[in-house]
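As structure tokens, the structure follows; a few thoughts come after it.
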Amino acid sequence: MLPSLFISHGSPMLALEPGASGPALAKLAAELPRPKAIVLVSAHWESRELLVASGEHPETWHDFGGFPPALFAVQYPAPGQPALAAEVARLLIDAGLPARLDPTRPFDHGAWVPLSLMYPDADIPVVQVSLPSREGPALQARVGQILAQLRDQDVLLIGSGSITHNLRELSWQAGPDLATPWALEFRDWMVDKLNTEDREALLDYRQRAPHAVRNHPSDEHLLPLYFAYGAGERFSIAHQGFTLGALGMDIYRFD
């Protein structure tokens, strides 16, 4: 059975400058059975309600500015899968979570950047599910738990965000081996709680984790972790690292 994954997608430039994460993502994809489809929650689709992208041919959205033209030229023409989107919405509704279809949603960079490194041929259908970020970790864990059954259908579930994400405190001169202590301490706390399956602490991370608010001034980039966590069971680390001193690039899997 396919696992669920949490991927720290970093800067959009990851698509052109993959660093250590690119080979790690390619290796992970090569080790997994080939998915029939992918259902993905991205930190970059925040919403008030649960939405499911249902378009047949989602566009590649360059939802950022200030990057080189080569990045804006990147396209990820993976198909959507309206039938799977409808099934996702039905599963959520049947479990008591209102959801509706959005046929116009494009792929944001939280989706296409990591997928371009995992499945560069863009030939696996992708369905995005939105992130009602105001509802916090518990909702995302429940969404993951509801959709976990799709793993039986060879659907790969991915949460795409970042294990740490304070862009105001990045060090633009930092080498790849530098990790600021406050970011490292937070990351290690999260890993410990995932290893020990301390659900109560994980859901209450903003009160319990060291430097939680400093690492996540807003928590939309951590919430996709809870989607992956809710959809799987056995935690393991596929890759760990930092860029720019404080931007965590960890990749986790839940088998």
Side-chain angles (χ1 to χ4, degrees), residues 1-7 9 15 22 24-42 44-45 50-61 75-95 97 99-131 140-161 224-236 238-239 251-255:
M1 184 186 295
L2 286 163
S4 56
L5 304 177
F6 171 67
I7 297 172
H9 61 249
L25 287 168
K27 180 175 181 290
L28 178 58
E31 291 172 350
L32 297 176
R34 179 178 169 84
K36 291 182 179 178
I38 296 167
V39 171
L40 184 145
V41 171
S42 165
H44 295 280
W45 190 9
L50 273 169
L51 302 170
V52 183
S54 59
E56 289 189 24
H57 302 286
E59 295 182 359
T60 303
W61 184 20
Q75 296 291 313
Y76 193 75
Q81 193 169 89
L84 176 59
E87 183 178 2
V88 168
R90 179 187 60 78
L91 289 172
L92 294 169
I93 292 167
D94 288 351
L97 296 181
R100 64 181 179 89
L101 300 177
D102 182 345
T104 65
R105 176 71 187 184
F107 294 138
D108 60 67
H109 78 269
W112 64 262
V113 167
L115 291 179
S116 70
L117 299 171
M118 295 181 74
Y119 303 106
D121 292 337
D123 57 353
I124 298 174
V126 179
V127 171
Q128 279 197 243
V129 179
S130 74
L131 182 71
Q140 281 307 298
R142 188 177 176 205
V143 171
Q145 187 175 25
I146 293 166
L147 299 185
Q149 60 190 282
L150 295 174
R151 294 170 55 206
D152 293 327
Q153 303 175 32
D154 298 324
V155 175
L156 180 61
L157 304 183
I158 298 177
S160 175
L225 168 62
Y226 292 91
F227 170 71
Y229 165 71
E233 296 178 1
R234 191 173 69 252
F235 166 74
S236 62
H239 174 70
I251 303 168
Y252 303 149
R253 61 184 289 172
F254 299 86
D255 287 276

Within a radius of less than 6.0 Å around CD of Glu56, do more than 12 heavy atoms belonging to other residues, nucleotides or ligands occur?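 No, the 6.0 Å shell around CD holds no more than 12 heavy atoms from other groups.
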
More than 12 heavy atoms from other groups under 6.0 Å of CD on Gln149: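 Yes, because the 6.0 Å sphere around CD of Gln149 holds more than 12 heavy atoms from other groups.
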
Any side-chain hydrogen bond (donor to acceptor under 3.5 Å, both in side chains) pairs touching residues 110-122, not counting sequence neighbours? none

Kindly give the heavy-atom pair with the smallest separation between [X] and [Y], and that separation in Å.
{"X": "Ala99", "Y": "Ile93", "answer": "O-CD1, 3.4 Å"}
{"X": "Leu156", "Y": "Leu2", "answer": "N-CD1, 3.8 Å"}
{"X": "Pro224", "Y": "Ser42", "answer": "CG-C, 4.3 Å"}
{"X": "Phe107", "Y": "Ala78", "answer": "CE1-O, 3.4 Å"}
{"X": "Leu117", "Y": "Gly22", "answer": "CD1-CA, 4.0 Å"}
{"X": "Ala15", "Y": "Val113", "answer": "N-CG1, 3.8 Å"}

Give the ring-plane orientation class for Phe254 versus Tyr229, where under 30° counts as parallel, over 60° as perpendicular and anything between as tilted. perpendicular

Within a strict 4.5 Å, meaning less than it, do heavy atoms of the [X] and [Y] side chains meet?
{"X": "Gln140", "Y": "Leu131", "answer": "yes"}
{"X": "Leu92", "Y": "Arg100", "answer": "no"}
{"X": "Val126", "Y": "Leu115", "answer": "yes"}
{"X": "Leu150", "Y": "Leu91", "answer": "yes"}

With sequence neighbours excluded, residues passing salt bridge (Lys or Arg N to Asp or Glu O under 4.0 Å) with Asp94: Arg90

With sequence neighbours excluded, tell me which residues meet salt bridge (Lys or Arg N to Asp or Glu O under 4.0 Å) with Arg253.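 Result, salt bridge (Lys or Arg N to Asp or Glu O under 4.0 Å) vs Arg253: Asp255.
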
To the nearest 0.5 Å, how far apart are CG in Leu225 and OG in Ser4?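 Between atom CG of Leu225 and atom OG of Ser4 there are 9.5 Å.
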
Going through the checks in order, is the side-chain contact (heavy atoms from CB on, under 4.5 Å) test met by Trp61 and His44? CA-CA 11 Å; Trp61 184 20; His44 295 280; over 6 Å; no

Step by step, would you call Leu147 with Val143 a side-chain contact (heavy atoms from CB on, under 4.5 Å)? CA-CA 6 Å; Leu147 299 185; Val143 171; 4.1 Å; yes

Output all residues satisfying side chain to side chain contact (heavy atoms under 4.5 Å, CB included) with [X], sequence neighbours left out; order by chain, then residue number.
{"X": "Leu101", "value": "Val52, Ser54, Ala85, Ala89"}
{"X": "Ala83", "value": "none"}
{"X": "Pro114", "value": "Ile7, His9, Leu25, Ser160"}
{"X": "Pro125", "value": "Ala37, Pro79, Gln81"}

Assess, by modelled atom type and distance only, whether the side chains of Asp102 and Gln128 contain a donor and an acceptor separated by less than 3.5 Å. no

State which residues pass ring pair (Phe, Tyr, Trp, His ring centres under 6.0 Å) with Phe6; sequence neighbours excluded, sorted by chain then number.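 Tyr252.
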
Heavy-atom donor-acceptor pair, Thr60 side chain to Tyr76 backbone, under 3.5 Å: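 Yes, Thr60 side chain to Tyr76 backbone: donor-acceptor pair under 3.5 Å.
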
List the steps, then state whether side-chain contact (heavy atoms from CB on, under 4.5 Å) holds for Leu97 with Arg142. CA-CA 9 Å; Leu97 296 181; Arg142 188 177 176 205; 3.2 Å; yes

Going by the rule side chain to side chain donor-acceptor pair (under 3.5 Å), which residues pair with Ser130 if we only count those two or more places apart in sequence or in a different chain?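 With sequence neighbours excluded, Ser130 shows a side chain to side chain donor-acceptor pair (under 3.5 Å) to Ser47, given in chain and number order.
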
Listed partners of Gln153 passing side chain to side chain donor-acceptor pair (under 3.5 Å), at least two apart: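 In terms of side chain to side chain donor-acceptor pair (under 3.5 Å), with neighbours along the sequence ignored, Gln153 is linked to Glu87.
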
Under the side-chain contact (heavy atoms from CB on, under 4.5 Å) rule, what do Val129 and Val39 come out as? Steps first, then yes or no, please. CA-CA 7 Å; Val129 179; Val39 171; 3.8 Å; yes

Salt bridge (Lys or Arg N to Asp or Glu O under 4.0 Å) pairs, two or more places apart, involving residues 30-41: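 Those involving residues 30-41 are Lys27-Glu31, Arg34-Asp123, Lys36-Asp154.
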
